[in-house]
Amino acid sequence: MNNSPETYELVFQAPAVEDDVVVVRRTERAGAGGYPVYEDDTGIVRAEISDRGEVRMLASGGHQTYHFPVAARVPPPDRAGPPPEAPPGGRRGQPAAA
């Protein structure tokens, strides 16, 4: 799992407008297929991405419907940016428990 890219861009087709690109970062979790789980900074967009770039979208909450990306690509280094830091005892995008 450590050989997996740190960051992917998930590209979603949007009709009549430019494609929507969501940056996701590798988490410490693995999905049902044994591949890393990636999520965006909000924790809402979550996906298991295989070593061949196959994407399985994962629900992050109840009543969620999602669209499948048309591509998962490793962004160029200048767009990947540093990984966000998790607060002590917390998850990225959520405050630590008091």
Side-chain angles (χ1 to χ4, degrees):
M1 204 161 60
N2 291 339
N3 293 336
S4 301
E6 185 68 31
T7 306
Y8 273 101
E9 292 177 337
L10 299 180
V11 182
F12 298 87
Q13 276 190 327
V17 295
E18 191 173 324
D19 290 345
D20 191 15
V21 177
V22 178
V23 175
V24 292
R25 290 183 169 77
R26 191 177 66 222
T27 68
E28 297 298 317
R29 295 183 300 273
Y35 296 106
V37 171
Y38 291 77
E39 65 182 31
D40 72 339
D41 290 337
T42 68
I44 295 172
V45 177
R46 192 175 295 162
E48 178 182 10
I49 304 177
S50 78
D51 55 357
R52 295 183 304 200
E54 300 164 320
V55 179
R56 178 184 2 215
M57 297 301 296
L58 305 171
S60 60
H63 305 290
Q64 186 178 28
T65 59
Y66 43 77
H67 300 279
F68 292 97
V70 294
R73 62 188 182 209
V74 177
D78 62 326
R79 287 203 318 235
E85 300 219 5
R91 199 185 96 208
R92 282 195 314 261
Q94 292 184 343

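Here the structure is a predicted model, which is why all the values come from computation and not from measurement. In this chain, numbering begins with 1 at the start of the sequence shown.
In this structure, the side chain of Thr27 engages the main chain of Val37 through a donor-acceptor pair within 3.5 Å. Within the 3.5 Å criterion, the main-chain N or O of Ser4 finds a donor-acceptor partner in the side chain of Arg26. With hydrogens and angles ignored, the 3.5 Å screen pairs no side-chain donor or acceptor of Glu9 with any backbone N or O of Ala72.
Using a 4.0 Å cut-off between a side-chain N of Lys or Arg and a carboxylate O of Asp or Glu, Arg46 and Asp40 do not qualify as a salt bridge.
Contact check for Leu10 versus Val55: side-chain heavy atoms found under the 4.5 Å cut-off. Taking 4.5 Å as the limit, some side-chain heavy atom of Arg25 sits within range of a side-chain heavy atom of Thr7. Inter-residue side-chain proximity for Val22 and Glu39 is flagged as unmet; no heavy-atom pair is nearer than 4.5 Å.
Considering every non-hydrogen atom in both Ala32 and Arg56, the closest pair reads C-NH2, 4.1 Å. Glu48 and Gly33 make their closest contact through OE2-N, 2.9 Å (heavy atoms, listed as atom of the first residue, atom of the second, distance).
Shown here are the side-chain contact (heavy atoms from CB on, under 4.5 Å) partners of Asp51, two or more places apart in sequence or in another chain: Tyr35.
With rounding to the nearest 0.5 Å, the separation of OH in Tyr38 from CD in Glu6 is 7.5 Å.
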